[in-house]
There are 2 protein chains.
Amino acid sequence: MKRNLEHIEYKKDTEALAKFAKALGHPTRIAILKHLEKQSCCFTGDLVEVFPLAQSTVSQHLKELKNVGLIQGELKPPKIKYCINQENWTIAKSLFQDFFS
Amino acid sequence: MKRNLEHIEYKKDTEALAKFAKALGHPTRIAILKHLEKQSCCFTGDLVEVFPLAQSTVSQHLKELKNVGLIQGELKPPKIKYCINQENWTIAKSLFQDFFS
DNA sequence: ATTAACTATCGTAAATTTACGATGGATTTT
DNA sequence: AAAATCCATCGTAAATTTACGATAGTTAAT
């Protein structure tokens with residue numbers, strides 16, 4: 001049973017858009033980002049109180065958002081302050097805008 | 001080892017946006033939609049020729065896009081003509097617009 | 001009535017995602 | 001130095017996704 005495990009190569013924009021969309025593809029992550037839009041910034045602990053999820057789960061979602069560059073973490077010992085990464089946010093925004101235009 | 005398998009309830013808009021984003025979260029589906037934007041409509045077979053994927057795989061991606069309402073299929077025997085569902089497309093568009101505003 | 005063309009669906013395996021508790025590392029406070 | 005706080009990471013189980021080939025269903029053509 002042969003199976004093709006290689007990935008097709010798409011255009012850069014297509015890949016980038018899909019990557020951002022995938023990161024947005026979970027309601028918890030949308031809710032986290034909406035929270036960050038309102039508050040501009042927040043700590044992991046704040047989110048753990050807002051969502052009925054384990055701390056490790058929230059941390060994992062934050063990691064994914066960080067990996068695609070939508071947010072960034074700043075060390076404010078002993079906490080970590082998360083903010084939206086404006087640069088990449090703008091990039092994502094225009095990718096979606098172009099797509100839906 | 002207890003685990004919470006229930007889903008958190010989010011606001012309607014949050015759930016809707018996440019659902020659309022999830023559907024857009026794969027480069028093949030982005031590429032399919034871009035193709036549909038250009039061509040306005042196409043048949044499954046057209047896409048099978050464009051993408052180096054099995055027919056069943058393309059069909060599966062189309063099904064997901066149909067399930068979230070981004071496209072619709074019209075019977076044009078013996079083919080099926082797929083188009084963008086303008087109504088839901090507009091809904092998705094404004095959800096993303098509002099989100100990134 | 002057969003056959004051909006087109007596409008959905010089934011069955012499946014591998015990979016990924018999502019959730020949790022437990023652990024560990026870094027800094028602050030005591 | 002010890003304890004407490006905050007958070008990432010590890011290990012892991014269940015669920016979901018992604019891909020394929022094979023099969024089945026539907027309509028058109030022969």
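Every chain is numbered from 1, with letters handed out A, B, ... down the list of sequences.
In this structure, of D:dA8, C:dT7, C:dG21, it is C:dT7 that holds the atom nearest to the side chain of B:K79. The listed nucleotides are C:dT7, C:dT18, C:dA19; the one nearest the side chain of B:I80 is C:dT7.
In this structure, B:I30 and A:Y10 have side chains that are not in contact, with every pair of non-hydrogen atoms separated by 4.5 Å or more. Contact check for B:L24 versus A:F96: side-chain heavy atoms found under the 4.5 Å cut-off. The side-chain heavy atoms of B:N85 and B:I71, taken from C-beta on, include no pair separated by under 4.5 Å. Inter-residue side-chain proximity for B:Q55 and B:S59 is flagged as met; some heavy-atom pair is nearer than 4.5 Å. At a threshold of 4.5 Å between non-hydrogen side-chain atoms, the residues B:F99 and A:K34 count as touching. The side-chain heavy atoms of A:T44 and A:L62, taken from C-beta on, include a pair separated by under 4.5 Å. Counting only heavy atoms from C-beta outward, the side chains of B:L47 and B:C42 approach each other to under 4.5 Å. Looking at B:P27 and B:R29, their side chains never come closer than 4.5 Å, going by heavy atoms from C-beta outward.
For the pair A:S56 and C:dC20, the criterion of a side-chain N or O lying under 4.0 Å from OP1 or OP2 is not met.
Contact check of residues 63-74 of chain A against DNA chain C (heavy atom, cut-off under 4.0 Å) returns A:E64. Sorted by residue number, the list of members of residues 32-51 of chain A with any non-hydrogen atom under 4.0 Å from DNA chain C is empty.
For C:dA19, its base sits under 3.5 Å from the side chain of A:Q60 at one donor and acceptor pair at least.
The distance between atom NE2 of A:H26 and atom C1' of C:dT16, rounded to the nearest whole Å, is 13 Å. In this entry the distance linking CG of B:L75 with P of D:dT26 reads 11 Å, nearest Å. Between B:L62 atom CG and C:dA8 atom C1' there is a gap of 10 Å when expressed in whole angstrom units. Rounding to whole angstrom units, NE2 of residue A:H61 and C1' of D:dT9 are separated by 16 Å. Atom C1' of nucleotide D:dT26 and atom NZ of B:K81 are separated by 19 Å, given to the nearest angstrom.
With the nearest nucleotide of DNA chain D identified for both A:Q55 and A:K22, A:Q55 has the one nearer the 5' end.
Residue pairs meeting the ring pair (Phe, Tyr, Trp, His ring centres under 6.0 Å) criterion with at least one member in residues 42-72 of chain B, sequence neighbours excluded, are B:H26-B:H61.
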